[in-house]
Amino acid sequence: MRTLRVLGAVMGLAMTPAMADEVSLFAAGSLKAALSDVSEDFTRTYGIPVSSTFGPSGLMRERIEAGETAHVFASANMRHPRTLEAAGNGGPVALFARNRLCALARPKVAVSTDTLLDVILSDDVRLGTSTPKADPSGDYAFELFDKSGHADALKAKALQLTGGADSATPPEGRNAYAWVLDSDQADVFLTYCTNAVLARKEVPELQIVQVPEAVSVGADYGLIVLDGASSDAWRFAMHILSPAGQSILSEYGFDAPALPKEN
């Protein structure tokens, strides 16, 4: 794969005299479960610890731009890592996973794929999203609104409940999306399908509704190794792109583009 060849070729250029004791990962919140497992697998395999910080990708990028130490950044879109690359802060940017939007609904809501647009347009239904610009999930939700033909109405009613700098923090150990619906802050919430699966594990009564194909929105996830990172950070990035890392991402519901096809 071209991405793997490129990363492998530049690993030698990334080495610095002061080797880091651990790899610092900044990553999208939607990757927390999957990349935590990838990090554990990497540490077991190579004996190199990984320190992880998860949150909305836009806020993670801003923290990196403000000078916080991160060696690898895994974003829920391609724009944020490309912004860092364009500013000379690292690269190249690699596509390492894909996701898509689903609707997560409270048990009382009568909704299906065929009726989803009508339901979220209803005045009686509180529609939740993440926060655009701060969190790509919010950007993808607003992109769905643009495709729906009802952009103004949906954007006006959308409650931006997660992903922003001032968003309420769920209780320790709670899934943010399960908590938002379980605590009656919204009736329907648009989020990544992988997030919806994790939310329903916590609150089994929640409904996962597939988005109609006509307005379906996919999410490309981008990976970048930042300037000053050690060869261990490049090794970790390669591990995310390796069959081992891609298999773990696939187990959590991501489309893993670097996963080899079965013979």
Side-chain angles (χ1 to χ4, degrees), residues 1-8 23-42 45 50 52-61 64 70-85 90-102 104 130 135-141 143-144 163 175-177 190-199 201 208 210-211 216-226 233-262:
M1 177 187 220
R2 183 178 181 275
T3 299
L4 290 174
R5 291 199 300 270
V6 170
L7 286 174
V23 175
S24 173
L25 168 68
F26 275 32
S30 56
L31 290 162
K32 184 173 182 177
L35 283 192
S36 291
D37 281 5
V38 173
S39 298
E40 289 176 6
D41 183 67
F42 175 75
T45 303
V50 178
S52 301
T53 303
F54 296 97
S57 295
L59 300 185
M60 293 291 98
R61 190 204 78 211
I64 293 168
H71 304 136
V72 178
F73 176 41
S75 172
N77 67 7
M78 300 293 285
R79 180 170 62 87
H80 292 311
R82 283 175 174 164
T83 297
L84 293 171
E85 181 183 35
V93 176
L95 170 67
F96 73 98
R98 290 189 174 97
N99 210 338
R100 55 195 171 87
L101 285 189
C102 282
L104 191 63
S130 196
D135 183 359
S137 174
D139 295 317
Y140 294 129
E143 183 181 339
L144 183 153
N175 176 279
Y177 311 99
L190 294 177
T191 186
Y192 301 120
C193 294
T194 52
N195 284 342
V197 170
L198 293 173
K201 285 183 178 180
I208 298 176
Q210 300 299 317
V211 170
S216 182
V217 176
D220 291 340
Y221 282 51
L223 182 72
I224 186 172
V225 179
L226 298 156
W234 284 95
R235 187 186 295 272
F236 177 59
M238 292 285 285
H239 193 71
I240 294 172
L241 287 162
S242 75
Q246 293 283 289
S247 293
I248 293 171
L249 285 161
S250 180
E251 289 171 2
Y252 279 91
F254 291 94
D255 177 14
L259 192 64
K261 301 295 184 182
E262 293 184 6

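Any value given below was found using the heavy atoms of this structure, including those in side chains, with hydrogens, waters and symmetry copies removed.
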Query raised in the report: Shortest non-hydrogen contact from P81 to N77?
Result: CD-O, 3.4 Å
**Report entry** Nearest non-hydrogen partners of L198 and A33, listed with the distance
**Finding:** CD1-CB, 4.2 Å
Query raised in the report: About how many Å separate CG of N195 and CG of L101, when rounded to the nearest 0.5 Å?
Result: 9.5 Å
Query raised in the report: How long is the span from the OG atom in S242 to the CG atom in D41, to the nearest 0.5 Å?
Result: 7.5 Å
Report summary line: Between Q246 and L241 the two heavy atoms that sit nearest each other are CG-O, 3.6 Å
Report task. Give the C-alpha distance, both sets of side-chain angles, the deciding distance and a yes or no for side chain to side chain contact (heavy atoms under 4.5 Å, CB included) between F236 and H71. Result -> CA-CA 10 Å; F236 177 59; H71 304 136; over 6 Å; no
Report task. Give the intermediate values and the outcome of side chain to side chain contact (heavy atoms under 4.5 Å, CB included) for residues K201 and V197. Result -> CA-CA 6 Å; K201 285 183 178 180; V197 170; 4.2 Å; yes
Query raised in the report: CG of L259 to CD1 of I248: how many Å apart, nearest 0.5 Å?
Result: 11.0 Å
Requested in this report: Can you see which heavy atom on L226 is nearest to which on A70, and at what distance?
Outcome: CD1-O, 3.1 Å
Report task. Supply the atom-to-atom distance M60 CE to L25 CG, rounded to the nearest 0.5 angstrom. Result -> 10.0 Å
Report summary line: Applying ring-ring contact (aromatic ring centres under 6.0 Å, His included) to Y140 and not counting sequence neighbours gives none
Query raised in the report: Would a distance-only check, ignoring hydrogens and angles, find a side-chain to backbone donor-acceptor pair under 3.5 Å from Q210 to C102?
Result: no
Requested in this report: Measure the OG-CG distance between S57 and L31 for me, rounded to the nearest 0.5 Å.
Outcome: 7.5 Å
Requested in this report: Return the minimal non-hydrogen interatomic distance between L95 and A97, and the atom names on each side.
Outcome: CD1-O, 3.5 Å
Report task. For residues G222 and V93, report the shortest heavy-atom separation together with the two atoms involved. Result -> CA-CG1, 4.3 Å
Report task. Taking ring-ring contact (aromatic ring centres under 6.0 Å, His included) as the test, write out the residues that go with F96, two or more places apart. Result -> none
Query raised in the report: S30 and side-chain hydrogen bond (donor to acceptor under 3.5 Å, both in side chains): which partner among Y192, Y252, Y221?
Result: Y221
Report summary line: Value for CG (L104) from CD1 (I208), rounded to nearest 0.5 Å, stands at 6.5 Å
